[in-house]
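Everything below concerns the one structure shown next.
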Amino acid sequence: MVSDIEKRIHEGMPGYIEALKRLVRIPSISFDNFDQKYVLDSAEAVKAMFTEAGYTNVQFLLPPSGRPTVYAESLTSPENPTILLYAHHDVQPPMREHLWDTKPFEPEIRGDRIYGRGTSDDKAGIITHVAACEQVRKALGDKGPNLKFIIEGEEESGSAGFAEILAKNAELLKCDAVIIADLGNFAKGTPSITTTLRGMSAVNVTVKSAKAPLHSGSWSGPIPDPGQALCRMISALTDKDGNIAIPHFEDGIVKPTPEELESYGSLGYSEETFRKEGGVLDCVKLNVPGDKILETLWRRPSIVVTAMEVGSRTNAGNVLQDSAYARIGIRLAPGMDADACTQMLVEFLQQSVPNGLECSITAEDGANPFTTDIAHPFFKKMSEAMAEAYGQPTKFIGCGASIPGAELFRSTLGDIPILMTGLEDPECAAHGENESLYLPDFEHGIVAEALFFASLT
Ligand SMILES: [Zn+2]
């Protein structure tokens, strides 16, 4: 039966690619300064797909913004496990349109990739779920798992209403596991399950010494310079290798298991590749040795100054500035708590203000990091299904970025396995120009999910 499913998916691929194209043609950018009619159009298109495929209880779950999340289900029997399938139908803006080789919302296949905004992030996630479910319903009928879909409409603009949607519909969404098809593979052709995400937070700091800027010749010397004061505060946050100096900041960190470290090591990621992909200048010495790069990206916190202002470059002159500003961003490793760490950062900064300068700090909303226990049997089943579909061993990887939805699913639906898959890869340029999807892995991803469903029976 396994080869049967694979065969039918292979035959169905032209149709799945067409379905993907239809969604990509809708510019469903979920930012207020874009026409929100298209987010509604894409929600309608997704809804129609479910209705035509015979799903039941198809409906919009509406957040306060009105950007619909689409729900649908196919229930077989209470005896069977229930899997909740997540993806999102909104997209990022096209960014700098002149840098696209083809129009962002006119999908085009070149070589083994299809180009267009949303191809990999995350309209391929929707079609992966739809296609895998279609085949499994055909092959297994009532023996297959209960399937529930939740296709969000405002992930790219921050998921502001998602917590409310989950809380209001917790009973409807009840399940034994969630598959979030919104991440990616470590490399094309390398099946990957993401098991950790970093959290994030940021603070805005202003220090002030005088009521207004002053002539530097007449006034500098006795009066402390806010620019240098702020730099001292910032430099106290870390040592020269980027290790964070705030006491107790890292107390909660969950260390990677030997299995995870082995999986990271087996990826064969080199310092050379990292430097090339990140455009790091040859003269720059990294904070960590090459064999620690992935662990540092995925399992260690970081602090960076994301913006800084003392006067302005266009008006630079001989001025003693009255104030200085910086935005300081933190990335949090699994186990750390966003609110607690933000508070520690604020207090540490306040305690390090030199010369009694006036200091005001505001904190932005943070997102908690995420980690999932891969001991649950579903991870083994998914890992085997992916290895079978791709013909390559599955890797357990981390992600340095944040997806608030992962933690929200668990806090709302209970301590269930959250399987994070997806079809982004290092070449896909998600969020950038010329976003694309690697077509062979599109098929592998669909087969993998279908085989996973089949393994649950
Ligand atoms: Zn996404």
Side-chain angles (χ1 to χ4, degrees), residues 19-20 23-24 26-31 34 38-39 42-43 45-46 61 63 65 67-70 84-95 104-105 107 113-132 149-163 165-166 178-186 188 192-200 298 331 367 369-370 372 397-409 418-438 441-442 445-446 449:
L20 175 66
L23 291 185
V24 172
I26 308 169
S28 49
I29 304 160
S30 59
F31 291 77
F34 289 82
Y38 297 113
V39 177
S42 75
V46 172
L61 308 178
S65 71
R67 294 186 267 261
T69 284
V70 187
L84 180 64
L85 304 164
Y86 171 90
H88 61 86
H89 67 86
D90 64 315
V91 295
Q92 283 282 323
M95 308 292 285
F105 298 104
R113 304 189 76 94
I114 180 167
Y115 291 79
R117 170 59 84 230
T119 46
S120 59
D121 181 16
D122 182 30
K123 287 171 172 171
I126 304 174
I127 305 297
T128 301
H129 291 324
V130 168
F149 289 82
I150 182 161
I151 310 296
E152 195 189 353
E154 54 181 2
E155 195 275 342
E156 297 294 2
S157 54
S159 294
F162 201 57
I165 286 180
L166 293 188
V178 184
I179 301 179
I180 298 182
D182 188 23
L183 284 109
N185 291 324
F186 188 74
K188 63 182 186 188
S192 312
I193 301 174
T194 302
T195 62
T196 61
L197 302 166
R198 284 202 290 188
M200 65 180 295
W298 296 340
R331 291 284 173 176
F370 177 81
T372 186
I397 62 171
C399 173
S402 311
I403 301 180
E407 188 54 47
L408 285 176
F409 276 121
I418 312 285
L419 298 143
M420 295 189 282
T421 62
L423 290 169
E424 291 177 27
D425 62 29
E427 292 164 51
C428 75
H431 294 207
E433 293 93 10
N434 298 305
E435 178 179 346
S436 68
L437 167 74
Y438 181 55
D441 284 350
F442 189 27
I446 296 170
E449 202 168 293

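Counting starts at 1 for both ligands and their atoms, in listed order.
Put simply, Asp182 gets within reach of the Zn ion (ligand 1), with an N, O or S atom under 2.8 Å from it. Residue contact annotation: Asp121 places an N/O/S atom under 2.8 Å from the Zn ion (ligand 1).
When distances from the Zn ion (ligand 1) to the N, O or S atoms of His88 are compared, NE2 comes out shortest.
In summary, the aromatic rings of Tyr86 and Phe162 are positioned with their centroids under 6.0 Å apart.
Applying the side-chain contact (heavy atoms from CB on, under 4.5 Å) criterion to Thr128, with sequence neighbours excluded, gives Leu423, Phe442, Ile446, Glu449.
To the nearest 0.5 Å, atom CG of residue Leu419 and atom CD1 of residue Ile180 are 9.0 Å apart.
Crowding of Phe31 atom CZ: a count of heavy atoms from other residues, nucleotides or ligands under 6.0 Å exceeding 12.
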